[in-house]
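Below is one structure, written out as structure tokens, with a few remarks after it.
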2 protein chains.
Amino acid sequence: MVNFTSNIFAMNKCDQCIVRQLSSLKALNKDEVVKLANSKTTYKIKKGESIFEEGEITNGVFCIKDGVGKLSKLSANGKDQIVKLVQSGELLGQRSMISNEPANLSAKAVADMEVCFIPKTEILHFFNNNNQFSMNLMQSVCEDLKESENDKIALVQKTVKQRLAETLLHLHDAFGENDDKTLKVQLTREELAGIIGTATESCIRLLSDFNKLDLIELVGKKIMLKNVKALKKMAE
Amino acid sequence: MVNFTSNIFAMNKCDQCIVRQLSSLKALNKDEVVKLANSKTTYKIKKGESIFEEGEITNGVFCIKDGVGKLSKLSANGKDQIVKLVQSGELLGQRSMISNEPANLSAKAVADMEVCFIPKTEILHFFNNNNQFSMNLMQSVCEDLKESENDKIALVQKTVKQRLAETLLHLHDAFGENDDKTLKVQLTREELAGIIGTATESCIRLLSDFNKLDLIELVGKKIMLKNVKALKKMAE
DNA sequence: TTATAAAAATGATATTTATCATATTATAAC
DNA sequence: GTTATAATATGATAAATATCATTTTTATAA
């Protein structure tokens, strides 16, 4: 049975969490946060490991407390197309939970992750009893939809070179840079190719070109943006 | 002032409507349908005309009572990339309304249309007071998201030929065929190319190939599917 | 540290698809 | 019906990108 002290404890577990501050969950009141904290399960996922696979029934959502993940789909020829990168503060698996469907994509860790699983029943309870939460969730899915549509358009209307420039800028914007000015998300060339939708070799070749043009600098496997202005122009 | 008789009249205007039967609006109760009917405005849009343009603030959604529309974005080089076809029974403009943003895409009629405009305030009222409606709306956006993600993957992982086969099958599935077995939605080759994301000439060339292979038959500008099985195999 | 594997880089070539030119056919206006 | 206009069709060629082969570099484990 839950007493006052354990409530306070339970609430604290989620109340200060970055996901609670950044995601749809920010609309939850104190009681709801307690309920949330009591129903969640925490997992640590190492780089490369999977959170869920395509076709799996997840029955809930994952809060990303720390780390970076990728949502991707494996093609027949063995290439992994990355649909979206997700980072701390975001929710994962909203779409398939709402649609009552098995996952359409696989979720894997790109950097070591800490995630919390929240059962579907909890989320649906919040959805039905908290208008601000349901509106937030709705807006979050709408944001994903807009991004996906724009990505789709870019795939058709832009060259691989433009998409690479665009992606590098987006990674810089969304994930920031290390002390040495290199991009914080560290993706392999293969993963980067999977985001822009091209062959790994083509991606590597273009990175070399960008390097020669002084748009970027290749520091081992890391990438440093050197001329953001020129990259932006190129992406248009 | 609204009296009993006009309520009945007002309700009937929307209650029997196909949109009410097929869209998220099916969750509305009688009172809500009356409210809906009293706030809506009906428009007729001729083939080729626009419902709204990219960047426009719509402040509501459009119910598609009849006809077919396209959501598209014009590229710098003048090509119109079609993101989605919408047909009678569907709602249009949900995404930008929920996101509080100007339209990201333009909506134009592909066949003569009859649409009803419903102001944002009405939709938000339903969203906040009818859980089934908000869940329906949510699921509808989730469905759009899933389709968009799958389209994105197909653009990268499939060839133009495969995407054409896939699109022809989808048009057949979603819109059906005429008495002469040709596809009911009549798109120009340019529009078809805009859906699969290729140059008009490439699309025409592949249609010719499909014709020669007896997969389809070109009846003037219309298209008849002759070997669905083979098209399905090709699309994989 | 050295051996081994994995990732990145580069070259040569093939394939896919776009572009430009032009012909043919269908549609609409008169 | 005839003419003008747009849509469809096809050929020739160019450009973009993928694929396969090989080398170099980097990371990892013995």
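Throughout, protein chains are lettered first and strands after them, A, B, ... in sequence-line order, and every chain is numbered starting at 1.
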query: Which whole-number value in Å describes the distance from Lys158(A) NZ to dA18(C) C1'?
result: 19 Å
- prompt: Does the salt bridge (charged side-chain N to carboxylate O under 4.0 Å, His left out) test come out yes or no for Asp15(B) and Arg20(B), once each step is laid out?
  reply: CA-CA 6 Å; Asp15(B) 197 45; Arg20(B) 154 92 163 119; 3.1 Å; yes
task: May I ask you to say whether Glu90(B) pairs ionically with Lys84(B), meaning some side-chain N is under 4.0 Å from a carboxylate O?
output: yes
- prompt: Distance from Arg95(B) atom CZ to Met138(A) atom CE, nearest 0.5 Å?
  reply: 10.5 Å
field: Salt-bridge contact Lys222(A)-Asp180(A) (side-chain N to carboxylate O under 4.0 Å)
entry: yes
Separation of dA7(D) P from Ile223(B) CD1 (nearest whole Å): 15 Å
query: Can Asn100(B) and Lys120(B) be counted as having a side-chain donor-acceptor contact under 3.5 angstrom?
result: yes
field: Rounded distance (Å) that lies between atom P of dA7(D) and atom CD of Glu191(B)
entry: 10 Å
task: Would you mind reading off the distance between Lys212(A) atom NZ and dA8(C) atom C1', rounded to a whole angstrom?
output: 13 Å
field: Separation of atom CG in Leu155(B) from atom P in dT17(D), rounded to whole Å
entry: 14 Å
- line: When rounded to whole Å, the CG to P distance for the pair Leu164(B) and dA18(C) reads 12 Å
- prompt: Going by heavy atoms closer than 4.0 Å, what residues in residues 196-210 of chain B are next to DNA chain D?
  reply: Glu201(B), Ile204(B), Arg205(B), Ser208(B)
query: Contact class for Lys222(A) (heavy atom, under 4.0 Å): base, sugar-phosphate, or nothing?
result: nothing
message: Show, in sequence, the C-alpha distance, side-chain angles and deciding distance for Lys181(A) and Glu217(A), and conclude whether the side-chain contact (heavy atoms from CB on, under 4.5 Å) test is met.
response: CA-CA 10 Å; Lys181(A) 304 278 183 186; Glu217(A) 191 180 324; over 6 Å; no
task: Calculate the interatomic distance between Lys221(A) atom NZ and dA5(C) atom P; express it in whole Å.
output: 16 Å
field: Rounded distance (Å) that lies between atom C1' of dT27(C) and atom CD of Glu190(B)
entry: 16 Å
